[in-house]
J.: 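Dumping the structure here so I can ask a few things about it.
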2 protein chains.
Amino acid sequence: MYSEGVSTSERLIESTRELLWERGYVGTSPKAILERAEAGQGSMYHHFKGKPDLALAAIRRTAEELCATAEAVLGGPGTPYQRIEAYLRRERDVLRGCPIGRLTMDPDIIASDELRAPVDETLDRIRERIAGIVEEGKEQGQFAPSVDGEAIAATVLATVQGGYVLARASGSPAAFDAGVRGLLSLLAPDRPA
Amino acid sequence: MYSEGVSTSERLIESTRELLWERGYVGTSPKAILERAEAGQGSMYHHFKGKPDLALAAIRRTAEELCATAEAVLGGPGTPYQRIEAYLRRERDVLRGCPIGRLTMDPDIIASDELRAPVDETLDRIRERIAGIVEEGKEQGQFAPSVDGEAIAATVLATVQGGYVLARASGSPAAFDAGVRGLLSLLAPDRPA
DNA sequence: GTCTATACGATGATAGAC
DNA sequence: GTCTATCATCGTATAGAC
């Protein structure tokens, strides 16, 4: 499964990232992690203090990756509307859900300030980034002066996170796409009032 | 904890409903259910075939309750916009999340067509209800003829479901409220283009 | 209908050999 | 660094007494 040269702690983190995405924190056991990482128990407790410590390392990496993915489209070319559209329409594995957002439904994550922190920071940073872009669009006259960047940013992020919920409920990405389409139609600068 | 006169199977279903909301399916054990219901193991396996069977009964009841709560505001008085606003602004225990929507992040729920079905049906029914209201608003000239009722309905539902995610991540209902505010500002019939 | 006893694998972690 | 015991507890279910 794993090629040579990848360190054991690296394999442990990657396996944990996958399992947290698939099954969440409560649904992921050290045993499952070890099997996927092809490692023994000793390795895990040598490199990490336990399940929460390993999960924290995994979540932090996933959080950074998600921020980078978001920045790639939000910091890309185009008008403010186009950059937000690019964020909403970017390729996603919709039925897998958001690897960060899904953790908010995990009771043990929410109960731990340390585990919740990277989740909160990630969503907050993307929200602030979008809010700034909306404000930019207002200055350029693309959005009405009355719109509230912070509020619109929350709506954009919520539509994505909620889109995952609808898609997973129905077993099809269609509902995610519909939600995005609806939001874009409301945001469109040129739409008939 | 429980007053006299409430049947054991009733207590089992109610306890399961609470725990599914708090901890999800994977995070809820029969033992925890029994303790909360003040019942022994025998009772549970007498009334239900096992954990999935009891969970199904609990989910079905929660699904019905949620549909009724939604219908109470969506079928209420007012213009289409006002009814959608009432749905978005209705009182919610935001930090607890949606008792139905949260189940979509549970791997064992998604893996079982039987357990997923009531979740899917609930969200789909509410979505269709909102879509019809949007179409109604178009006929009355409150919404532009170009808007797509199905898409807007998905956006409305996604904003709510995603709002729970943002709120739980930050530990505050503020982000939920911001998302709702942003969406309503985009939907407002009289807003400046 | 409800209880207790029993079962067996899974969970999360420690100890100590190599 | 990694491995294999070993451990106490939990998770899910069955059996049978009352």
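Letters A, B, ... mirror the listed sequences (proteins, then strands); counts begin at 1. Any value given below was found using the heavy atoms of this structure, including those in side chains, with hydrogens, waters and symmetry copies removed. Because the structure is predicted, anything quoted here is derived from the model rather than measured.
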J.: Just how far is it from atom CD1 of B:Ile59 to atom OG1 of B:Thr16, taken to the nearest 0.5 Å?
T.: 9.5 Å

J.: Has the side chain of B:Asp108 got a donor or acceptor atom that lies under 3.5 Å from a matching backbone atom of B:Val26?
T.: no

J.: Quickly work out the A:Ile33 CD1 to C:dA13 P distance and round it to whole Å.
T.: 10 Å

J.: Can you tell me if A:Gln140 has over 12 outside heavy atoms packed within less than 6.0 Å of its CD?
T.: yes

J.: Please determine if a side-chain N or O atom of A:Lys31 lies less than 4.0 Å away from the OP1 or OP2 oxygen of C:dA10.
T.: yes

J.: How about B:Thr28 and B:Arg23: does a side-chain donor come under 3.5 Å of a side-chain acceptor?
T.: no

J.: Pairs of donor and acceptor atoms involving the side chains of residues 88-96 of chain A, under 3.5 Å and at least two apart or interchain, shall be tabulated with distances.
T.:
| from | atom 1 | to | atom 2 | distance (Å) |
| --- | --- | --- | --- | --- |
| A:Arg89 | NE | A:Glu85 | OE2 | 3.1 |
| A:Arg92 | NH1 | A:Tyr164 | OH | 3.2 |
| A:Arg92 | NH2 | A:Tyr87 | O | 2.6 |

J.: Taking atom CD as the centre, does A:Glu64 end up with more than 12 heavy-atom neighbours from other residues, nucleotides or ligands that are less than 6.0 angstrom away?
T.: no

J.: Look at the side chain of A:Gln82 and the backbone N and O of A:Thr79, then say whether any donor-acceptor pair between them is shorter than 3.5 Å.
T.: yes

J.: Taking 5' to 3' order, which nucleotide of DNA chain D is first and which is last to have an atom within less than 4.0 Å of a heavy atom in chain B?
T.: D:dC10 to D:dT14

J.: Among residues 109-118 of chain B, which contact DNA chain C at a heavy-atom distance under 4.0 Å?
T.: none

J.: Figure out the CD/C1' separation between A:Gln41 and C:dA10, and round it to whole Å.
T.: 11 Å

J.: Would A:Trp21 and A:Ile126 show up in the same hydrophobic cluster when neighbours are defined by side-chain heavy atoms closer than 4.5 Å?
T.: no

